[in-house]
Student: 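Dumping the structure here so I can ask a few things about it.
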Number of protein chains: 2
Amino acid sequence: MNRPAPIRVVLADDERMVRTALRAILCAEPDLDVVGEAATGAEAVSVVRELRPDVVLMDVRMPETDGIRATEQILATLDDPPRIVVVTTFENDSYVYDALRAGAAGFLLKRADADALVQAVRLVARSDSLLFPAALRTLAAEHARARPAPPAWVAKLTGREREVLRHMARGLTNAEIARLMEVGPATVKSHVAAVLAKTGTRDRTQAVIAAYEAGFLNGG
Amino acid sequence: MNRPAPIRVVLADDERMVRTALRAILCAEPDLDVVGEAATGAEAVSVVRELRPDVVLMDVRMPETDGIRATEQILATLDDPPRIVVVTTFENDSYVYDALRAGAAGFLLKRADADALVQAVRLVARSDSLLFPAALRTLAAEHARARPAPPAWVAKLTGREREVLRHMARGLTNAEIARLMEVGPATVKSHVAAVLAKTGTRDRTQAVIAAYEAGFLNGG
DNA sequence: ATCCGCCTCCGCCGGACGGGGGAGAGGTTC
DNA sequence: GAACCTCTCCCCCGTCCGGCGGAGGCGGAT
């Protein structure tokens, strides 16, 4: 096997010790070459732009710009961008999903051993074939859906209004909701009107749609 | 570096040539040991149960029991089960998501080169740290949710009725839908009535809910 | 003590909705 | 050709919905 061009790696992590450790591990391999480091997300973007590495190991938690944003920026602004491996501490870190959305090519736990690290770098550097972790599995299985932005109106609903909206989203009429909540129909009408006003919708159907889109129903 | 115990691998693929090729690639590595093969999903389950490998390369499409079911069975019935890497041909294969749900530890494309293959096996054999592919990215981003069972009524809707339902699910009134579809309001009423009948719902709100629950909207 | 938000209710009104019919035109299937 | 489905449109009618304005009670905030 001949490896004329080693894999060029950039490390982005705000802790110097982490960078040093990673560099030590990676440089021990003849086919890996750590060509640059960055301590912030912004720095990572400019370093990558300049050095054009094959792979970036990107910490999620960094000052100024976090790893996710940096990833987005790199992938958006460079043509032929590097593969970006997002590094995180916990498997169930919510960043995992963000990393996925941002376009990260891979995902690595900090507690991964040296062996796994170098193999992950090699793998991500030269293939479309990839793997996925327990975190992603639970992500996909449990909340299964992205939580994009909790729309402002959700917080503005009063308890009663949430309750009414939930019943609306089950397809109940005002009269049914009234019976269920043991109040008068007029009361339900008031709550419904409030819900429509706060959600910026004009009828119950649109309100229910908004509830679904917002992941308001149990999902959140 | 000492590697006292090589990684024990079982191959499950219905095509002999594929198994042979994989065996050749993997056996060339001193730390990998192909200990068994299977040509069907059912066979894979029993072979794995007997040989207790560290890693299984599992084809998705196999006679009798497919790779997904086999994966489920293996993970459900064995304690301390092997890591299972699901092998597929296309990145956007819908099996990818099923594999994820079934508990596969990894995912590999058939067009992956030998290098990627052995590295993937090593990686999956000894770590929690993993990577994920473009397929998963689109999967997570686009349909993002599991498709449990396409309710019977979906198939019974005529083209026009689907169209109307889609508009209903955007919160439009009959009049608006009529304008949009360039037909009379009475026509839309007819279609809406048909949709309500076929979905077994009593008003447009319930119909929209049914559409959402069925993943009828764009997702399918 | 006062104000404000929340919950509870009232009446009135117009419009949208859904149910029940029916009917004609075009296409497919048998 | 007959039966059938789909799409198109029409009528009437009763109900539900949403907008309007108003009101009383209750509790927390200042």
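If you're wondering where the values come from, they're calculated on a predicted model, not measured in any experiment. Here is how names work: the chains are called A, B, and so on, in the same order as the sequence lines, proteins then strands, and each is numbered from 1.
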Student: Establish, yes or no, whether the cationic atom of A:Arg166 lies under 6.0 Å from the six-membered ring centre of A:Phe216 and within 45° of the ring axis.
Tutor: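 Output yes; distance and angle both within limits.
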
Student: Let me know the distance between NZ of B:Lys189 and C1' of C:dG15, rounded to the nearest Å.
Tutor: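 Nearest whole value for this atom pair: 12 Å.
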
Student: What is the distance, to the nearest angstrom, from the NZ atom on B:Lys156 to the P atom on D:dC5?
Tutor: 12 Å

Student: Rounded to whole angstroms, how far apart are CE on B:Met168 and C1' on C:dC17?
Tutor: 12 Å

Student: Output the distance between atom CZ (A:Arg170) and atom CG (A:Leu165), rounded to the nearest 0.5 Å.
Tutor: 12.0 Å

Student: If we ignore hydrogens and angles and just use 3.5 Å, is the side chain of B:Glu43 paired with the main-chain N or O of B:Ala38 as donor and acceptor?
Tutor: no

Student: How many whole angstroms separate atom CG of A:Leu165 from atom P of C:dC7?
Tutor: 14 Å

Student: Can you see if the side chain of B:Thr158 gets near the phosphate of D:dC7 - specifically, an N or O under 4.0 Å from OP1 or OP2?
Tutor: yes

Student: Within a radius of less than 6.0 Å around CZ of A:Arg69, do more than 12 heavy atoms belonging to other residues, nucleotides or ligands occur?
Tutor: no

Student: Can you measure A:Arg204 atom CZ to C:dA16 atom C1' for me and round it to whole angstrom units?
Tutor: 13 Å

Student: Heavy atoms from C-beta onward define the side chain here; which of D:dT6, C:dG18, C:dC7 lies closest to that of A:His191?
Tutor: C:dC7

Student: If the helix axis at each end comes from five base pairs, how far does the helix from C:dA1-D:dT30 to C:dC30-D:dG1 deviate from straight, to 10°?
Tutor: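 Inter-axis angle at the ends, rounded: 50°.
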
Student: Sub-3.5 Å donor-acceptor pair from the side chain of B:Arg204 to the main-chain atoms of B:Leu172, do we have one?
Tutor: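 It does hold such a pair.
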
Student: Does any donor-acceptor pair link the side chain of A:Ser190 with the base of C:dC9 at a separation under 3.5 Å?
Tutor: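 Under the 3.5 Å cut-off, the side chain and the base do form a donor-acceptor pair.
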
Student: Donor-acceptor check, side chain of A:Arg83 to backbone of A:Leu123, threshold 3.5 angstrom: yes or no?
Tutor: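 Not at all, since once roles are kept as given, no pair shorter than 3.5 Å links the two residues.
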
Student: May I have the distance from B:Arg160 (atom CZ) to C:dG27 (atom C1'), rounded to whole angstrom?
Tutor: 16 Å

Student: Measure CD/B:Gln206 against C1'/C:dG18 and give the value in whole Å, please.
Tutor: 12 Å

Student: Ignoring hydrogens and geometry, is there a side-chain-to-backbone donor-acceptor pair from B:Glu161 to B:Leu157 under 3.5 Å?
Tutor: no

Student: Measure the distance from CG on A:Leu196 to C1' on D:dC16 and round it to the nearest whole Å.
Tutor: 14 Å

Student: Looking at residues 171-188 of chain B, who's got a heavy atom less than 4.0 Å off DNA chain C?
Tutor: B:Thr173, B:Asn174

Student: With a 6.0 Å cut-off (strictly less than), is the heavy-atom count around CD of B:Glu50, excluding the residue itself, greater than 12?
Tutor: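 For B:Glu50, atom CD is not crowded (no more than 12 foreign heavy atoms under 6.0 Å).
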
Student: Measuring from A:Ile84:CD1 to A:Glu72:CD, what's the distance to the nearest 0.5 Å?
Tutor: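 A:Ile84 CD1 to A:Glu72 CD: 10.0 Å, rounded to 0.5 Å.
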
